[in-house]
Novice: 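Shown below is the structure under consideration.
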Amino acid sequence: MALTETAALPAAPAARRAKLNVFSSVGLGAAGLLAFLLIWQAVPSLGLVNPMMLPGPLAIPAAFQSELASGMWFTAVTGSLSHYALGLVLGSLLGVALGVLTGMSRVAEDLTAWVVRVLRPIPGLAWAPFAIIWFGVTPSAAVFIITISVFWIVFFAAHGAVRAVDRDLLEVADAFGFRAAHEKLFKIYLPAALPGILVGLRTALGQAWMAVVAAEIFGVPGLGHRMIEASALLATDIVIVYMLTMAALYGLLDSLFLLGERWLLRWKA
Amino acid sequence: MESVIDIRGLGLTFERDGRRTDVLQGLDLAIPRGAFIAIVGASGVGKSTLLRVLIGLAKASAGTVSLDTQSTERQPVALVFQDSRLLPWRRVIDNVAFGLEGRGLSRAERHAKALDALGVVGLAHLARRWPHQLSGGQRQRVALARALAVEPEVLLMDEPFSALDAISRESLQDELTRIWQATGKTILFVTHDIEEATYLADRVVVLAGAPGRTVADHAIETPRPRRRNDDADAAIVADIRRHLGSGHLGGGHLGGGHLGGGRPTPFARAA
Ligand SMILES: Nc1ncnc2c1ncn2[C@@H]1O[C@H](COP(=O)(O)OP(=O)(O)OP(=O)(O)O)[C@@H](O)[C@H]1O
Ligand SMILES: [Mg+2]
């Protein structure tokens, strides 16, 4: 019977197998997550670790509810998101602008080569002392640190992507009389470099969250600050609430970014 | 007859690692308005380089090129590259409209003109596609439409059909003839294929030598519509072969890889 079925519908088994694969991979993922949660809950419940040190997942909803009710969660999330968004936008704009400029112009590249070599190894967080001296413990200081972290990632991505633009396509612009730098920038360099620039932006999207937490540890109000406050009071369940919040926010933004990227690069095969 | 392009004593020297290579030297060529001229020559003789000079992608090191164009547009000459070189991030229609940008036309006007040009090559129905969704022949047609859209007085074509299969190539050759007859443009057509040259052109110019220059110039007077491999052209084809020193090679192709040490011909077709 199986044989006749296969002969009649040669494409069907393969399709069914693909469908099965999707179901089984989703199922496996869910099973893995469940196992993770069970082990996590078992560790404090079985007394392997003091629940104060590691609260189980069952303790989290209550902690989340109390943070929501006190309005702390909302304040922390909006605070962090505003640093994050500003730092991301500023760092990306500067990174793309300078990356494209140094990618297009030999002079600009040579001029900045040594400065880049000196400044690049300094992590964004190492700028914290200056951020606080220049801006005080203010949102601007956090934005500054995030901007620097984002800048380098996007700068190198944009620089590399522009350097890799196909010479043949640049000749097309020349052949049709578009010889000015701004014409080539908008007609060839930017669209051709966009895939590479987007890779940098997506990396920055994740990296910027690290910078957010780090920058706020110094006292700028937001998620990171609220985590430090909670840990000082040994409110570890609240710390976990914010860790998960961050993961959820990152997941959401990354998904949105992917949607936008898919649309922008819909011309790719 | 009045020349739209007049090339006198053209020379071009590449400098690489301190060594100078003369690619073209003392090249004279007058191109009458409305002519269809084919340029044949072995691989590496400088055919592409000549077109690059004419379109402004390369600078001559000697001689003069005078362009007597009537248009006030900044681009009276258009080039169809050997590989179509469509911009992958633009839909077909926007690729064709590319050269029309910066001329003070609205987007709708540019699209209308682009659609006309696409109609000429028979691809108006693919206007919304992305380049990666086209076949090689369709891509080359779009590249031709892109060049036609700017309404150039002179159309330069660099082995535009050489990468295509025989059937697409023959249909594109006939389309090009029709376009030329309908628009009266001047066409300068570079090819490896002698048969293609004598089938299409009014005149076949042979480039040869190192450095390259014109060594033969034949008028093809066979009336149109023409037949492929017409016996009337046999004497001319034989003379062109002699000038190219490729009598020992079969078929209409020059087998440039054997001759010039440049890149090999993309394919060889039995005659
Ligand atoms: N940028 C360059 N620098 C140095 N030499 C070059 C350069 N471009 C081309 N050449 C040389 O100039 C010569 C002519 O090249 P060209 O591309 O014009 O040949 P062609 O006649 O079009 O050959 P084909 O039929 O293979 O396309 C070749 O010998 C090539 O090696
Ligand atoms: Mg060539």
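Everything numeric here is computed off the predicted structure, so don't read it as measured data. Per chain, numbering begins at 1; letters A, B, ... match sequence-line order.
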Novice: Does NZ belonging to A/Lys184 count more than 12 external heavy atoms closer than 6.0 Å?
Specialist: yes
Novice: Between B/Arg91 and A/Trp267, is there a side-chain heavy-atom distance shorter than 4.5 Å?
Specialist: no
Novice: For B/Arg19, does the CZ atom sit with more than 12 other heavy atoms under 6.0 Å from it, leaving out its own atoms?
Specialist: no
Novice: Using a 4.5 angstrom heavy-atom cutoff, name the option from B/Ala78, B/Gly56, B/Pro88 with the most pairs to chain A.
Specialist: B/Pro88
Novice: Between B/Leu86 and chain A, which part of the residue has a heavy atom less than 4.5 Å away: side chain, backbone, both or neither?
Specialist: backbone
Novice: Tell me, do A/Leu169 and B/Trp89 make a side-chain contact under 4.5 Å, heavy atoms counted?
Specialist: yes
Novice: With a 4.5 Å heavy-atom cut-off, do B/Phe98 and A/Lys187 have their side chains touching?
Specialist: yes
Novice: Answer with side chain, backbone, both or neither: which region of A/Ile188 has an atom nearer than 4.5 Å to a non-hydrogen atom of chain B?
Specialist: both
Novice: Look at the side chain of B/Arg85 and the backbone N and O of A/Val172, then say whether any donor-acceptor pair between them is shorter than 3.5 Å.
Specialist: no
Novice: Could you measure the distance from the CZ atom of A/Arg179 to the CG atom of B/Leu57? Nearest 0.5 Å is fine.
Specialist: 6.0 Å
Novice: Between B/Glu101 and A/Phe176, is there a side-chain heavy-atom distance shorter than 4.5 Å?
Specialist: no
Novice: Side chain, backbone, both or neither: which part of B/Arg129 has a non-hydrogen atom closer than 4.5 Å to chain A?
Specialist: neither
Novice: For residues A/Lys268 and B/Trp130, determine if any side-chain heavy atom of one lies less than 4.5 Å from a side-chain heavy atom of the other.
Specialist: no
Novice: Hey, what do you get for CG (B/Asp83) to CG (A/Asp168), rounding to the nearest 0.5 Å?
Specialist: 5.5 Å
